[in-house]
Structures are given as structure tokens and as C-alpha cells.
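In what follows, a single structure is set out as C-alpha cells and then discussed.
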Amino acid sequence: MKALVLAGGTGTRLRPFSHTMPKQLIPIANKPVLAHILEDIRAQGITDVGIVVGGYAEDIAAKLGDGSAFDLRITYLHQDAPRGLAHGLVIAREFLGDADFVMYLGDNMLPRGIADIVADFRTGGADAQLAVQPVDDPRAFGMAELDDRQRVTRVVEKPAHPVGDLALIGVYVFSPRVHEAVAAIVPSARGELEITDAVQWLVASGHDVRASHYTGYWRDMGTVDDMLECNRELLRTLTPSMAGKADEASELVGPVEIGADSRVVNSRITGPVSIGRGTVIEDSVVGPDTTIGDDCVLSGAGVSYSIVLDTATISGVEGLHGSVIGRAAQVVSADGDGDGRHHRLMVGDHASVCLLTT
């Protein structure tokens with residue numbers, strides 16, 4: 001079995017961050033989304049992975065390399081523009097050959113892992129196994145309708161009048177028969193080859209398409225709020241570790257992870273909090289539900305329920321909550337003295353923000 005990860009999307013809803021980095025590399029619990037996905041794939045015993053990449057191909061390749069860090073072999077497959085999920089299978093046709101494969105959307109997080117879905121496919125003999133989960137608003141998703149034996153009877157993309165509430169949640173397992181389906185469909189009204197059309201072709205042609213109910217936490221990394229909520233969810237399982245140092249004037253409460261060469265000075269850290277490598281936190285209050293990347297500097301800062309990316313600086317600003325601070329961004333106080341108010345900031349990479357706190 002092989003795996004195909006689709007990571008060619010532009011992430012327009014995640015601007016300003018997706019202006020300068022692919023959404024699939026945004027860190028959740030201090031690890032890129034794609035790293036979480038690749039670890040999940042490797043846990044299924046799969047070692048051969050194709051990644052469909054678009055405009056950020058070089059960034060993704062620079063971060064993931066040849067896959068050896070994950071004990072994988074990665075093949076990069078270039079897509080000139082987002083042309084639909086099924087178009088990713090067209091691009092990957094030679095790579096996939098006649099193998100069964102997992103198709104995993106590169107902006108989806110399933111922390112519990114996909115082992116049950118893959119096992120259902122391997123033991124059930126279906127031509128396609130779809131991961132599904134109930135959602136509140138079925139009109140926003142591709143939807144599946146099932147019979148009483150969990151066989152898929154119909155799939156439809158973002159139905160205006162949905163029947164049922166089972167959404168397709170971004171993980172599919174296919175036999176090579178799906179290539180016949182992709183070759184038979186045409187672009188939709190929005191000009192894309194829809195994976196739902198390919199799956200519906202399989203259903204209409206009498207092939208065996210089944211569903212696996214995923215009962216764990218699932219999130220599509222579509223918005224900043226999705227990022228923050230997923231970050232909090234993953235931090236709930238954080239294992240405390242101390243590779244860095246905290247001085248005697250500091251207080252660590254709850255699960256806290258401090259990376260190598262990081263220092264915490266005269267500060268209070270309330271977990272769950274993950275701090276990367278080479279970061280300095282001084283005279284600050286951090287947490288809970290916060291990740292701070294590598295080589296950051298926090299001085300006289302107050303941050304909670306937030307994501308701070310690598311090499312960012314926060315100085316003299318308290319009350320940052322529900323915020324995302326980009327790489328090498330600077331957030332400072334005009335007068336150097338926090339005012340105790342809550343600030344929700346979205347600061348892009350290399351941007352500077354100066355707050356008047358009095």
C-alpha cells in the first residue's frame with residue numbers, strides 16, 4: 001500500500017500566514033501539520049508516499065526532505081494550479097501504479113490516527129473506504145449516504161438539501177479501480193475534478209464503496225480559529241519535558257515542555273504549554289494552551305491560548321489571547337508597560353506591531 005498526500009492548496013482563509021508559508025506547514029503543537037500526517041501514515045506500515053505540491057513546493061520539500069526523517073520515501077508531484085482533489089490522482093497516476101493507497105488531505109488533523117480506517121479497508125475488500133463523521137452543517141462538506149450495512153449509496157459535494165449528517169473528513173483508501181472512475185468524470189461547475197464525483201461513479205457502477213465512522217477529534221485547518229482549537233486539543237496529551245532550563249524564580253504549573261537551550265527566567269508557565277528550542281522567556285506569564293516556537297524572545301509578555309511561531313519577539317505586551325504571531329514578527333508596547341487588556345492579534349511573518357498600552 002502507498003499513500004498520497006494532497007498539499008497543493010493555497011489556504012486563502014489562513015491569510016496573512018498563508019501569504020508566506022503553506023498552510024500544511026503551519027505548526028500545531030510545535031509540529032507542522034504535514035509532519036503529524038506523515039507520522040500517522042508511517043504508523044500504518046506505509047513507507048512510500050507521494051505529496052502533491054503547488055506554489056509552495058520548495059518550502060515543503062525543504063522542510064520534509066526525502067522523508068528519511070520519518071522513515072519514509074517521499075516523491076513530490078507538482079500541480080500547476082488547484083484543479084480538484086481527483087486531479088491529484090491524475091498527477092499521481094504513474095507514482096501510484098496498481099497499488100492500493102491512502103489519500104490524505106494535507107490540511108486535515110485526525111489525532112487519533114487512521115488505523116481503524118485502513119484496517120476496515122484491508123479486511124473488508126471494498127474498492128473504496130471513506131472516513132466519515134457527523135457534522136452540524138452538512139451543506140459545507142462532501143456528504144455520504146449509507147445503507148444499514150455501512151455501504152455508501154450516494155456521495156454529493158456540499159448539498160443544498162442534505163440527507164443525513166455524515167461528512168467526508170479528508171481520508172480515503174482506494175483500490176486502483178478508482179483510476180477508472182477519475183478517467184470517466186469531467187470537471188464540475190467550478191472547473192475542478194471532484195473526488196466526490198469519482199466516488200459516486202464507483203457507486204453508480206456497482207462497485208463496493210464503504211464508510212468508516214471516525215469517532216475521534218477531527219479538524220480541517222481552514223481558519224485561524226481551527227488552528228487554535230486544534231492546537232489546544234493536541235496539547236491536552238502533552239508529555240512534560242525539560243530539555244531547557246527554568247530558574248528558581250520561575251513557576252511551572254501543569255504539563256510544560258521546554259526545548260533544548262531554552263531559558264525561562266522569573267516567569268510563570270501554566271500548562272499545557274510547548275516551548276521550542278533556543279527560546280528565552282523572561283518576566284512573563286504564559287499559558288495555558290499555548291505553543292511557542294524556536295528562537296523566540298518573550299520579555300514582559302503575557303500570552304495564553306495562542307501560537308507563536310519561530311523567531312518571534314513579544315515585548316511589554318500582556319493579555320495576548322487567541323492570537324497567532326508569525327515567524328520573525330515583532331509585537332512590542334509603545335511605552336514598555338502592559339495594560340492588562342486582552343488583545344487578539346493575527347501578525348504575519350516578519351511584520352511589526354506596536355501597541356499603545358496606556
Side-chain angles (χ1 to χ4, degrees), residues 1-9 11 14 18 21-79 85 88-89 91-92 95-97 99-119 121-122 129 131 169-174 212 214 216-222 226-227 230-231 233-235 237-239 257 259 274 276-277 291 293-294 307 309-310:
M1 183 176 284
K2 295 183 178 182
L4 181 67
V5 179
L6 303 186
L14 281 172
S18 58
M21 68 185 304
K23 61 179 178 177
Q24 298 88 359
L25 291 185
I26 290 175
I28 304 296
N30 262 342
K31 185 186 300 182
V33 173
L34 279 177
H36 290 283
I37 289 173
L38 292 178
E39 289 175 355
D40 193 7
I41 288 170
R42 185 64 187 87
Q44 314 316 315
I46 299 170
T47 58
D48 208 357
V49 180
I51 302 181
V52 175
V53 291
Y56 284 111
E58 292 183 1
D59 300 75
I60 291 174
K63 191 70 173 180
L64 304 180
D66 63 0
S68 56
F70 302 91
D71 197 20
L72 298 170
R73 295 184 302 274
I74 293 178
T75 300
Y76 295 99
L77 307 163
H78 291 265
Q79 187 178 42
L85 302 184
L89 274 66
I91 292 172
F95 164 77
L96 292 169
D100 297 334
F101 65 97
V102 174
M103 188 174 86
Y104 209 133
L105 303 194
D107 54 2
N108 276 233
M109 291 288 292
L110 290 79
R112 205 191 75 179
I114 62 171
D116 290 347
I117 304 161
V118 174
F121 175 85
R122 283 172 165 161
Q129 197 82 33
I169 62 170
V171 174
Y172 310 76
V173 191
F174 289 118
S212 296
Y214 182 81
Y217 179 87
W218 159 66
R219 184 63 54 178
D220 169 5
M221 295 290 100
D226 292 329
M227 290 169 50
C230 191
N231 194 60
E233 179 70 20
L234 266 65
L235 286 175
T237 59
L238 181 71
T239 300
E257 175 186 62
S274 174
R277 302 179 299 274
T291 57
D294 297 342
I307 299 173
L309 277 66
D310 293 351

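Judged by distance alone, the side chain of Asp226 and the main-chain N or O of Arg219 form no donor-acceptor pair under 3.5 Å. Side-chain N or O atoms of Asp310 include none that pairs as donor or acceptor with a backbone N or O of Gly293 at under 3.5 Å.
With sequence neighbours excluded, the residues that form a ring pair (Phe, Tyr, Trp, His ring centres under 6.0 Å) with Tyr172 are Phe174. Shown here are the ring pair (Phe, Tyr, Trp, His ring centres under 6.0 Å) partners of Tyr104, two or more places apart in sequence or in another chain: there are none.
The heavy-atom pair separating Lys31 from Glu39 by the smallest distance is NZ-OE1, 3.0 Å.
With contacts defined as side-chain heavy-atom distances shorter than 4.5 Å, the pair Val33/Lys23 does not qualify. Annotation: side chain of Asp66 is not in contact with side chain of Ile74 (no heavy-atom distance under 4.5 Å). Taking the side chain as every heavy atom from C-beta outward, His36 and Leu234 approach each other to under 4.5 Å. Between Met1 and Gln44, the closest side-chain pair of non-hydrogen atoms is not below 4.5 Å. Two residues are said to be in side-chain contact when any heavy atoms from C-beta on lie closer than 4.5 Å; Lys2 and Phe95 meet this criterion. Under the 4.5 Å side-chain criterion, counting only non-hydrogen atoms from C-beta, Val171 is in contact with Val102. Considering only heavy atoms from C-beta on, Arg42 stays 4.5 Å or farther from Phe70 through its side chain. Within the 4.5 Å cutoff, the side chain of Val5 has heavy atoms near those of the Ile41 side chain.
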*Between Leu34 and Lys63, is a side-chain contact (heavy atoms from CB on, under 4.5 Å) present by the stated rule, with each step listed?*
CA-CA 10 Å; Leu34 279 177; Lys63 191 70 173 180; over 6 Å; no

